[in-house]
Engineer: 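My questions all concern the structure below.
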Amino acid sequence: MARDPRHDVLFEPVRLGPVTARNRFYQVPHCNGMGVQYPSAMAAMRGVKAEGGWAVICTEECDFHVTGDVSPAIEARLWSAKDVPILARMADAVHRHGSLAGCELVYGGAAGHNRQSREIPMAPSATPVFGPEPGQARAMDKEDIRNFRRWHRQAALRARDAGFDIVYVYAAHNLCLMQHFISRRYNRRTDEYGGSIENRTRLMREVIEDTKEAVGATMAVAVRFAVDELAGPDAITHDGDGAAVVELLAELPDLWDVNISEWDNDSQTARFAEEGYQEDFIGFVKSKTSKPVIGVGRYTSADRMVSLVNKGVLDMIGAARPSIADPFLPKKIEEGRIEDIRECIGCNICVSGDWMHMPMRCTQNPTKGEEWRRGWHPEKIEPKASDASVLIVGAGPAGLECARALGQRGYRVTLAEAATELGGHLNRVSGLPGLASWARVRDYRTGQIQTMSNVEVFLDSRLDAAQVREFGFDHVAIATGSAWRGDGVGRAHHNPIPGAEQAHVVTPDDVIAGVELEGPVVIYDDDDYFMASVLAEKLRGEGHEVIYLTPEVDVANWTHNTMEQSRIQARLLELGVDIHASRKLTSIGPDNVELACAYTGRTSALDAGSVVLVTMRLPDDALYRELMADDAALKAAGVASVTRIGDCLAPGLIAAAVYGGHKFARELDADLPSNDEVPFRREVMGLSNDWPVV
Ligand code: ADP
Ligand code: SF4
């Protein structure tokens, strides 16, 4: 298919100082939970994005000195020449596909706790280290500043040795020293590095100059700068200090990569921000510099990207999440395959990997993090290894992805769905407040399946075991999903909650189906993810009085990992939801509930008209059990395997259901190792020769 000529502008090269990007697609630095700990996995993940057409591929944060150690976050590292080979592997992977590799040097300052090195962190002025941790950063003296500049310079040289084309001077996300010097919130110095904005920008200017002098002949020097900290007038603001910094340093770097701080503002979820949510803040930057400007905003629409370039907002389209969900987004635009783009849904499951110090996952892209480990490519898949036919029962995220991937392999696939539309629980969830974009998980897959002549879809087809056997498929994947349980059993309760059997006690499925509720509605959240809070929003929107109970210390506790928790809590408070945290629901009466303090056990009571229990889900595996109960009948029908996938096996994240469907498809007819073996590649740390110690 030919590219839409309106998109041509996106494929113009852009000069970045001494190097040239082949088009306008720029993967900005982003964490991935692999970095220094899973180096080949990280390198392969970056290389695949270069293959997918991103002209620039950057590292995650890369710490470069023991006094600026970002552990326990798993990031990149350039402490010494010893670290160079890991990053060289990434740069090689990127260069192999004709893209430029960028390295984001970071020095955490007060944002880092130096947990590995145990060195004392440094800051412009003495301040507690960030996060609730005992310990303070000390104020830097002139020698410290000289040291810091030298360390940064040495790190830039190491980045050059690793083969990078772009090196960053980083002042964003409130995660680094140079931002702390610029921000009045942290800089209370009275010397030439404090006071006026010129003074507070001095260190940044010096470091850009040092870096240019050290490596600028062959490498582009990028500045990543948070033009607004969204933290009030004392902080950096886009019409105050943010604008002044861009003006002061305008022509000094080779490119400006601009955003808003902190990370939870920069990477907002779809529940709280639309595509392009940073434009009001970063829009001014191009008016102050002639150097290329890069910005982000969860851009997945090619038309929107073109308009950003044409309107002079951005020169290059920055992306982290859109490049994670679809590493081949640029290629697909280039080839006029817009409908093949797997659009990011803005859920931040990717981000949760970094917070939990584990390799990144993605809801839309099940191959993310598996590129090297399992050899999964986001676009390519092994062709079928037999003429087997496969029946998939259930068309939620697991069934849809399974059908899509098996279809891509060339198998004969039949997808049977009881409902009258494809999508499974996505159809229900995406109708809840703020979650409309989650339907993209369904839409991408239904769009792909529609084009496959070897995938047949049957709607309004609830199958029983006899029907499954009758069709005589070689393999059956059961993707029949799950339902919320109604008795209160979950994390905090190992037995049903007394009173849960009453008619006014309902589940999220009932609420979404529109069951009549009496006020006040008590929502009990023992699930800790999104469901209870979106139901609270929905019910407040419908005018109900809503009481939110949770045994956790705050609402939707797990969403700290998606960087949504504080926004969710604020929204519920603004909506007038009555929040009772650290409370277990001990019993449900006809018109009230009894609670116990999660710490002391002290009891209290609240009026309740209806009670919504959001605790856990039960697999809908009746069909599976029915089939497995009659082995002889299965054999007689010629069915070689019956496998549960997705929520039917174990309810979990949508990302897990998609992954389960994909894994089944990848592994059909594959020559797999025994389950006594580790099923993927891994790297074991190289042991030092410096042993024994005595
Ligand atoms: P998952 O997240 O694992 O993909 P979902 O709950 O989203 O699971 O989707 C499961 C789908 O399976 C639902 O759309 C449901 O209608 C369908 N389903 C359940 N039982 C049957 C059955 N016996 N025959 C056909 N479809 C079924
Ligand atoms: Fe987008 Fe969610 Fe994938 Fe992250 S996990 S890239 S937010 S779809």
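All residue numbers in this chain count up from 1 along the given sequence. Counting convention: from 1, in listed order, for ligands and their atoms alike. Predicted model only: the values in this text are computed from it and were never measured.
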Engineer: To the nearest 0.5 Å, tell me how far His357 NE2 sits from Gln37 CD.
Structural biologist: 10.0 Å
Engineer: N/O to N/O below 3.5 Å, does that happen between Cys648 and ligand 1?
Structural biologist: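 No, no N or O pair falls under 3.5 Å.
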Engineer: How long is the straight-line distance from CZ of Arg485 back to OG1 of Thr507, given to the nearest 0.5 Å?
Structural biologist: 12.0 Å
Engineer: When only distance counts, is Gly423 in polar contact with ligand 1, meaning an N/O pair under 3.5 Å?
Structural biologist: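 No, since none of the N or O atoms of Gly423 sits under 3.5 Å from an N or O of ligand 1.
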Engineer: For atom 20 (N) of ligand 1, state which one of Asp621, Leu623, Thr480 supplies the nearest heavy atom.
Structural biologist: Thr480
Engineer: With only distance considered, is Glu417 within less than 3.5 Å of ligand 1 through an N or O on each side?
Structural biologist: yes
Engineer: Under a 4.0 Å threshold between the charged nitrogen and the carboxylate oxygen, would Arg337 count as salt-bridged to Glu334?
Structural biologist: no
Engineer: Between Asp669 and Tyr411, do the side chains contain an N or O donor and an N or O acceptor separated by less than 3.5 Å?
Structural biologist: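 Side-chain D/A pair, Asp669 to Tyr411: present.
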Engineer: Of all the non-hydrogen atoms in the protein, which one sits nearest to atom 26 (N) of ligand 1, and at what distance?
Structural biologist: Ala418 N, 3.0 Å
Engineer: Without hydrogens or angle criteria, can the side chains of Asn557 and Gln565 be said to hold a donor-acceptor pair below 3.5 Å?
Structural biologist: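 Per modelled atom types, Asn557 and Gln565 side chains form no pair under 3.5 Å.
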Engineer: Look at atom 10 (C) of ligand 1 and find which of Ala479, Gly394, Gly424 reaches it with the closest heavy atom.
Structural biologist: Ala479
Engineer: Output all residues satisfying ring pair (Phe, Tyr, Trp, His ring centres under 6.0 Å) with Tyr38, sequence neighbours left out; order by chain, then residue number.
Structural biologist: none
Engineer: Give the minimum heavy-atom separation between Leu100 and Val94, together with the two atoms involved.
Structural biologist: O-CG1, 3.5 Å
Engineer: Which atoms of ligand 1 have any heavy atom of Pro397 under 4.0 Å away?
Structural biologist: 1 (P), 2 (O), 4 (O), 7 (O)
Engineer: Hey, which atoms in ligand 1 end up nearer than 4.0 Å to a heavy atom of Gly646?
Structural biologist: 3 (O)
Engineer: Give the atoms of ligand 1, by number and element, whose distance to some non-hydrogen atom of Ala416 is under 4.0 Å.
Structural biologist: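 Those atoms are 25 (C), 26 (N).
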Engineer: Considering only NZ, NE, NH1 and NH2 on the basic side and carboxylate oxygens on the acidic side, decide whether Arg373 and Glu370 come within less than 4.0 Å.
Structural biologist: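 Looking at Glu370 together with Arg373, the answer is yes, because their closest N to O distance falls below 4.0 Å.
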Engineer: Would you mind checking which non-hydrogen protein atom is closest to atom 23 (N) of ligand 1, with the distance to 0.1 Å?
Structural biologist: Leu463 O, 3.0 Å
Engineer: Check each atom of ligand 1 against the heavy atoms of Ser461 and keep those under 4.0 Å away; list them by number with element.
Structural biologist: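 Within the 4.0 Å cut-off of Ser461, ligand 1 contributes 24 (N), 25 (C).
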Engineer: Starting at CG of Asp464, measure out to CD of Gln467 and round the result to the nearest 0.5 Å.
Structural biologist: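 If I round to the nearest 0.5 Å, the distance is 4.0 Å.
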Engineer: Looking at Arg342 and Glu379, is there a salt bridge between them, counting it only when a charged N and a carboxylate O are closer than 4.0 Å?
Structural biologist: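 Judged by the 4.0 Å cut-off on N to carboxylate O distance, Glu379 and Arg342 do form a salt bridge.
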Engineer: Check the side chains of Arg374 and Thr367 for a donor-acceptor pair under 3.5 angstrom, ignoring hydrogens and angles.
Structural biologist: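 No pair is found: no donor N or O on one side chain lies under 3.5 Å from an acceptor on the other.
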Engineer: So, using ring pair (Phe, Tyr, Trp, His ring centres under 6.0 Å) as the criterion, who are the partners of Phe530 when residues are at least two apart?
Structural biologist: Trp438
Engineer: Any nitrogen or oxygen of Ala398, main chain or side chain, under 3.5 Å from a nitrogen or oxygen of ligand 1?
Structural biologist: yes
Engineer: Please classify the Ala657 to ligand 1 contact at 4.0 Å (heavy-atom distances, strictly less than): side chain, backbone, both or neither.
Structural biologist: side chain
Engineer: Would you say Leu426 has any N or O atom under 3.5 Å from an N or O of ligand 1, going by distance alone?
Structural biologist: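 Between Leu426 and ligand 1 (N or O atoms, distance only) the closest approach is not under 3.5 Å.
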Engineer: Taking Glu343 first and then Arg298, would you say they form a salt bridge - that is, a charged N and a carboxylate O separated by under 4.0 Å?
Structural biologist: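 A salt bridge is absent here (no side-chain N lies under 4.0 Å from a carboxylate O).
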Engineer: For atom 2 (Fe) of ligand 2, how many protein N, O or S atoms lie at less than 2.8 Å?
Structural biologist: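 Near atom 2 (Fe) of ligand 2, the number of protein N, O or S atoms below 2.8 Å is 1.
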Engineer: Report yes if His425 has an N/O atom closer than 3.5 Å to an N/O atom of ligand 1; otherwise report no.
Structural biologist: yes
Engineer: Please list, in number order, the atoms of ligand 1 under 4.0 Å from a heavy atom of Gly481.
Structural biologist: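 Counting atoms of ligand 1 from 1, those under 4.0 Å from Gly481 are 5 (P), 6 (O), 8 (O), 10 (C).
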Engineer: Please list the nearest protein heavy atom to atom 3 (O) of ligand 1 with its residue and the distance rounded to 0.1 Å.
Structural biologist: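 That would be Asp647 N, 2.7 Å.
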Engineer: According to the ring-ring contact (aromatic ring centres under 6.0 Å, His included) rule, which pairs have a member within residues 619-667, sequence neighbours left out?
Structural biologist: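 Listed once each, the pairs are Trp376-Tyr659, Trp376-His662.
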